[in-house]
Amino acid sequence: MSSRFDIIHKDTAGRIGRLTTPHGVVETPTVMPVINPNIQTIKPSEMRDFGAQILITNSYIIYRKDELREKALKDGLHALLDFDGPIMTDSGSFQLSVYGEVEVTNEQIIDFQQKIGSDIGVPLDIPTPPDVSFERASEELDITIERLQAARKLVTGDMLLAGPVQGSSYMQLRERCARTLSETGFDVYPFGAVVPLMESYRYADLVDVIAASKKGLDPTAPVHLFGAGHPMMFALAVALGCDLFDSAAYALYAKDRRYITSRGTYHVDDLKYLPCSCPICLKYSPEELKKAHNSTELLARHNLYVTFEEIRIIKQAIWEGNLLELVEQRCRSHPRMLEALKQMYTHSEWLEKLDPASKSTFFYCGPESAKRPEVLRFANQLERFTIRGSAFIRPAPIKLDSGYDNVLVFKPPFGAYPQELGEIYPLNAEVPRTPDQESLERAYVNTIRLAELNPETEFTYLLVERFRHTLVDKLESLPNVQIIVGHNP
Ligand code: GUN
Ligand code: ZN
């Protein structure tokens, strides 16, 4: 079967892709607004106006209510919702995780999703929550995998089938599950049971779950982060390789009178100004928005506009090759997001393999940038520089004859590199003139390594004040390194 997911452009583990469904092509990353078949704050037929290309609804809610079930079976899901684009359907697993049971079997709900004409169906996986015992996680995962494989055999038409990755907080279970599902072959891989992590701001744990699950999958497989609807964390999740999100947040937050932004959420009563230029925020003053008889609907509309705005910002960043700069900005919105950023860079060895060799200019945005995959890649390639004779390491390139066989530039967070490579990505990075400790440490560790790799070469290092660091002593202690102190540049 030819792939239903084409990758157009990449940055870090993120990508712009095209997913082909029976009702059309969806460009990812994107968000699927959650449609409750019973309550619709905003009509599905209006969703395209916000930027939505695909919706998600719950087949179990439709299945359980006679009136909805009969109309869906008779006229189809698309007529029921009055939307002619792609629609994904969930299976009732979320209800299973909330109520402990559902009145439907895996076979019944798969059959129903096919009959009503869903574009992407989901089997009845078990969303095992975080922090349960290994025994429970493992037992429930076995049942989930059995059901998913049974569902794979039941789907005969053109409905795409999702294979949710479970495994609770056990990274080895997540990775093994992803690998097993990959071998069976699904069309979309949702990462499940992550809602409790997001609700408790455990974004660093979420990073580990995404990374472990991704490591078990074919990197070209489309990934959905189940239940993730707050735009603040989209950039991070996209950089880790998530392609689809679903948002009930736009409506749920609106019900609680909360106003979403890409930096976090406000209670509408706390807004003195509206920091947004969507049609709602331009039309209403904060006071009018608070008092409007339909303020829930207005807030839901604003929430949807900013959700899709963030998606476009992320796509442009992937296109330009500065997704990590965007991630580093967004992760400064909340201390727990900053933790998640640091956690993401503990996976730089993996990210480096997926990251394109050349992108737009690397911008150093803070101490975390010293751990970026590009910096790690530079460190891993130090063996490739063979430097013979004498070498002069200085803070900036020179055009004049230096009297040395080699001129190297010292640039934190990278370290010393031959000056002729200075225009090449990522060494053409924009970095602060005065580096932070993390950046200097990384640069000196690399420079020490370079001197050790070339023991026959005599290195002369021109140290300037702003590059002072405790590791200078270690560099100076090497038999082939001599340090001279300079004042410029
Ligand atoms: N919605 C939110 N999380 C999940 C999950 O783990 N599985 C399914 N099927 N739906 C979800
Ligand atoms: Zn707005």
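One is the number of the first residue; the rest follow in order along the sequence. All values reported here derive from a predicted model rather than from experimental measurement. Counting starts at 1 for both ligands and their atoms, following the listed order.
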query = Within 45° of the six-membered ring axis of F112 and under 6.0 Å from that ring's centre, is NZ or CZ of R69 located there?
reply = no

inquiry  = Give the atom numbers and elements of ligand 1 that come within less than 4.0 Å of a heavy atom of V122.
reply    = 9 (N)

remark   = Of all protein heavy atoms, the one nearest atom 7 (N) of ligand 1 is D125 OD2, 2.8 Å

Identified ring pair (Phe, Tyr, Trp, His ring centres under 6.0 Å) counterpart of Y305 within the set Y259, F50, Y250 = F50

Charged N-O contact under 4.0 Å between D11 and K315 = no

query = Relative to F362, does R372 satisfy both conditions: NZ or CZ under 6.0 angstrom from the six-membered ring centre, and within 45 degrees of the ring's axis?
reply = yes

inquiry  = For P164, state whether at least one heavy atom is located under 4.0 Å from any atom of ligand 1.
reply    = no

key: Identity and separation of the nearest protein heavy atom to atom 10 (N) of ligand 1   = D90 OD2, 2.6 Å

query = Between the side chains of K65 and N38, is a donor N or O closer than 3.5 angstrom to an acceptor N or O?
reply = yes

ask   = What's the shortest distance from atom 6 (O) of ligand 1 to any protein heavy atom, and which residue and atom give it?
value = A193 N, 2.8 Å

request  = Report the residue from R257, R258, K290 that forms a salt bridge (charged side-chain N to carboxylate O under 4.0 Å, His left out) with D269.
outcome  = R257

task = For ligand 1, find out whether one of its N or O atoms is nearer than 3.5 Å to an N or O atom of P123.
result = no

task = Give the residue, atom name and distance (to 0.1 Å) of the protein heavy atom nearest atom 3 (N) of ligand 1.
result = F226 CB, 3.7 Å

task = Can you pull out the closest protein heavy atom to atom 2 (C) of ligand 1? Residue, atom name and distance to 0.1 Å, please.
result = F94 CD1, 3.5 Å

key: Salt-bridge contact R330-E310 (side-chain N to carboxylate O under 4.0 Å)   = yes

Metal-centred angle, ND1 of H302 through the Zn ion (ligand 2) to SG of C278, rounded to 10 degrees = 120°

ask   = When you draw lines from the Zn ion (ligand 2) to SG of C276 and to SG of C281, what angle lies between them, to the nearest 10°?
value = 110°

